[in-house]
Each structure stands twice: as C-alpha cells, then as structure tokens.
Amino acid sequence: MSLLLTNATIASMSENHGTDGYGLIPDGAVVMEGAEVVWIGPQAELPGPYDDLPGVDLGGRLVTPGLIDCHTHIVFGGDRAAEFEMRLNGACYEQVARAGGGILSTVTATRAASEAELLEAALTRADQIMAGGATVIEVKSGYGLTVLDEVKILRVARRIADHRAVRVLVTHLAAHAVPPDYKGRGAAYIDEVAVPSLHAAHAEGLVDAVDAFCEGIAFPVAEVEVLFHAAKALGLPVKLHAEQLSDLKGAVMAAERGALSADHLEYLGADGVAAMALAGTVAVILPGAFYTLRETQMPPIADLRAAGVPMALATDCNPGSSPVTSLPLIMNMACTLFRMTPLEALQGVTIHAARALGLTDCGRIAPGLRADLAVWEARHPAELSYRIGATALHKRVFGGRLV
Ligand code: DI6
Ligand code: FE
C-alpha cells in the first residue's frame with residue numbers, strides 16, 4: 001500500500017533539509033510505501049513514478065514526525081484527586097508520600113484492579129496522548145511492587161499496541177517505591193522483588209528497558225546499581241529518575257553505566273551535566289511534574305544546552321505528580337517555564353525522544369524511516385509550542401496509514 005501526501009509544510013527534523021533545525025520544506029510532499037517513508041522533498045521535485053499515486057492534499061498544513069512520549073506511567077488504578085486537594089490544603093509531596101499517600105495509594109488501587117480494568121484505563125490515557133500527535137509511547141510499570149503485580153502491569157502495557165495504532169515501549173520500574181512491608185529494607189526489596197520481577201517479565205518478552213526512582217524517598221544509588229547490574233546481564237538498556245527532589249548523583253552513575261536517559265533532573269549538578277555529555281545520555285525534562293508539584297528549582301537547561309546534552313520532553317503522565325496527557329501542552333510548559341525554544345521543544349518530542357528510547361527509525365521524516373507522522377492545524381512549528389490547551393492535531397499517519 002502506498003500513500004502520497006501533497007501540499008504540506010513539512011518540519012522533517014532532518015539535516016537533509018535546510019539549516020534551521022526544523023528541516024523545513026515549504027511546499028512539500030511525502031511518499032510512503034508500506035510502513036516506510038520512501039521519498040520526501042519539495043513537491044515540484046516529486047519523481048515521475050510517484051505522480052500517479054492517489055494523493056492526499058493537506059492544504060498547506062504542517063506535517064511533523066509523529067510525536068514520541070518517552071516517559072509515562074499510564075497503567076494504574078484509581079486517581080489522586082483527593083491528594084491534589086490535600087496538597088492545596090498545605091501538604092507537600094514528601095509529606096504526602098511519608099504519610100502513606102502518594103505512590104502507595106495508587107499501588108493499592110492498582111493491585112486491586114484486574115488486567116482488563118487496567119487495560120481499559122490505560123487505553124483511555126493512550127488515546128489522549130495520541131490525540132496530541134503521539135505515535136510512540138513509552139509505558140512504565142511501578143504501581144504493583146510485587147513480582148506478580150509488576151508483571152501484570154507490564155503485560156497490560158505490552159497489550160496497548162494490540163488495540164491501538166501506536167507503538168509502545170515497555171519499561172520495568174519495579175524500583176519506583178519501597179512498599180510498606182519492606183519499609184527500611186529497600187535493598188531486600190531490590191533483591192526479592194525488583195530483580196525477580198525483572199527476570200519473570202523479561203522471560204515473557206515484556207521488558208524493553210529498566211528504570212528506577214533514585215531519591216531519598218525511594219532508592220539510593222547503591223541499590224539502583226544492583227538492579228542495573230541485573231539489567232545489564234539480560235542485555236537490557238537502563239534509564240533513571242534522577243535528581244528530581246535532591247542531588248544524589250544518580251545521573252552521574254547512570255551516565256557512567258551508559259544509560260539511555262536520566263529523567264527529571266531539577267537538582268542536577270555540574271558533575272551530572274558533564275557525565276551525561278560525555279556518555280551521550282539524554283536529559284528527559286518533565287515540566288508537568290515541575291508544574292504540578294509547584295517546584296521552584298529549575299533543571300539546569302542552559303548548562304545542558306551549553307554542554308550539548310540532547311534534551312527530550314515527555315508528559316510523565318502519572319496520577320500523582322503529572323496528570324497530563326498532552327505533549328503540545330508539555331512543549332508550551334518547557335518554553336514558558338524553562339525558557340526552552342520552540343525548536344528545542346519539537347526536537348524534545350521527536351529526535352531526542354527517539355534517542356531517549358534507543359530508537360533510530362523514527363523522530364525524523366526521511367527515506368527508510370517509519371512512516372509515522374502528525375498533521376497539524378498549523379502553518380509553522382512554533383505554533384505547536386505557542387498555543388495553550390488547544391487540540392491542534394488534524395490527523396496522524398501510523399505505519400503509512402492515515403488514522
Ligand atoms: N517521580 C514522579 O514524579 C512520579 N514517579 C517518580 O518516580 C510520581 C509518581 C506518583 O506520585 O504516583
Ligand atoms: Fe516518571
């Protein structure tokens with residue numbers, strides 16, 4: 001099956017086109033065969049053989065690579081509106097967590113939910129993320145915290161792509177919180193739950209990467225290292241929630257172990273920036289959590305930029321710290337809160353997000369890459385970051401098909 005898109009304003013994000021970083025092609029066309037792009041360029045240069053294909057005229061609309069949400073926790077039971085209200089009555093995130101609320105209240109609701117119930121709720125959230133132009137979503141476990149419940153969540157995450165036109169990468173995050181029965185015994189939790197659940201899930205083909213929450217209220221660097229060792233033995237890439245609430249030097253350790261990404265990074269120090277630059281570890285910036293928690297410590301965007309660390313953006317969609325399902329809204333937050341540029345924001349949800357997931361076949365529009373695109377009610381890519389809360393998506397193309 002072939003598809004020709006004409007009369008498009010294309011932000012290819014590819015160095016093959018222009019020097020502005022967007023890879024702009026003003027009067028562009030894209031040809032797709034099967035699930036691949038086979039040609040992209042100015043419509044006036046469309047090669048003869050493609051002239052006869054049935055074309056879809058996009059009326060000058062903006063086309064970008066399908067967006068990539070490289071950090072989400074969309075498989076969970078219940079919601080945390082009550083906690084939202086508690087915070088508005090004065091409690092801070094750490095107090096909520098220590099009072100047995102926070103992540104653990106979602107764990108209780110997630111354990112009680114069936115796979116079918118979790119899948120239905122996750123599909124609703126995936127639909128919302130796709131409505132913001134996403135064609136790839138990374139999904140983490142982390143609300144089960146037993147071997148059986150973590151595997152249950154990972155199975156649900158894997159099934160999302162059977163039901164929707166989206167690609168899903170599944171990340172094991174059993175090291176997300178220490179459950180009450182392991183209170184004060186995080187190392188034992190890693191040995192008895194996190195590592196065994198990783199082995200069990202990997203045996204079922206349910207794990208694409210391994211993550212952990214490195215924080216005072218979660219796991220210290222030394223405990224995360226045990227898990228990363230197990231991941232390495234299985235040949236799985238690692239990533240880390242690091243320096244969100246304090247500087248434990250998690251990003252330094254992750255970079256030294258070749259992590260794909262270190263995520264959050266509000267408290268990242270100069271040593272972390274340098275280690276990430278050296279290792280090529282992507283900085284995943286999560287303005288939804290910063291905004292929701294009313295954090296005041298900003299991630300060191302200028303230092304990351306100066307050091308040439310690629311910055312990705314993601315929703316971090318989760319019930320506690322980032323109940324957000326819109327990547328365009330996240331792009332706006334990154335620009336307004338963190339002074340990232342609209343170009344950096346778009347790179348953050350395309351090329352750099354692909355890299356944060358270890359993917360080389362998406363994030364740009366170029367021959368040989370996946371035919372996953374987003375078509376927008378817009379004429380210039382800066383509009384995607386500029387608008388607040390608008391649903392500017394016109395259509396998505398997934399695997400060469402308009403959906
Ligand atoms: N950092 C976060 O912000 C989320 N997880 C994490 O490691 C919070 C998840 C939650 O509160 O449910
Ligand atoms: Fe997260």
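For ligands, and for the atoms within them, numbers begin at 1 and follow the listed sequence.
- The nearest protein atom to atom 8 (C) of ligand 1, hydrogens excluded, is given as Tyr93 OH, 3.1 Å; this is a heavy-atom distance.
- If you check the side chains of Glu215 and Ser246, you find a donor sitting under 3.5 Å from an acceptor.
- If you number the atoms of ligand 1 from 1 as listed, the ones under 4.0 Å from a heavy atom of Tyr143 come out as 9 (C), 10 (C), 12 (O).
- Pairing each heavy atom of His380 with each of Tyr22, the nearest pair is CE1-CE1, 3.9 Å.
- When the Fe ion (ligand 2) is compared with the N/O/S atoms of Asp316, atom OD1 turns out nearest.
- Taking every heavy atom of His264 and a limit of under 4.0 angstrom, the matching atoms of ligand 1 come to 1 (N), 2 (C), 3 (O).
- Counting atoms of ligand 1 from 1 in the listed order, those under 4.0 Å from a heavy atom of His241 are 1 (N), 6 (C), 7 (O).
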Arg305/Glu344 under side chain to side chain contact (heavy atoms under 4.5 Å, CB included): CA gap, chis, key distance, verdict: CA-CA 10 Å; Arg305 182 187 288 135; Glu344 287 173 329; 2.7 Å; yes
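- Taking CG from Leu329 and OG1 from Thr315, the interatomic distance works out to 10.0 Å, rounded to the nearest 0.5 Å.
- Residue, atom and distance of the protein heavy atom nearest to atom 5 (N) of ligand 1 are His176 NE2, 2.8 Å.
- Vertex the Fe ion (ligand 2); arms to His71 NE2 and His73 NE2; angle rounded to 10 degrees, 100°.
- Within a 6.0 Å sphere centred on CD of Glu204, heavy atoms belonging to other residues, nucleotides or ligands number more than 12.
- Residue contacts with ligand 1: Thr106 is excluded, as none of its non-hydrogen atoms falls under 4.0 Å.
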Lys249 vs Asp271, side chain to side chain contact (heavy atoms under 4.5 Å, CB included): CA-CA, chis, key distance, verdict: CA-CA 8 Å; Lys249 309 296 175 197; Asp271 49 357; 2.9 Å; yes
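- Heavy-atom proximity to atom 1 (N) of ligand 1, evaluated over Glu83, Arg80, Gln244, is greatest for Gln244.
- The aromatic ring centroids of His241 and His71 lie less than 6.0 Å from each other.
- In this structure, atom 3 (O) of ligand 1 lies nearest to the protein heavy atom Ser321 OG, 2.6 Å.
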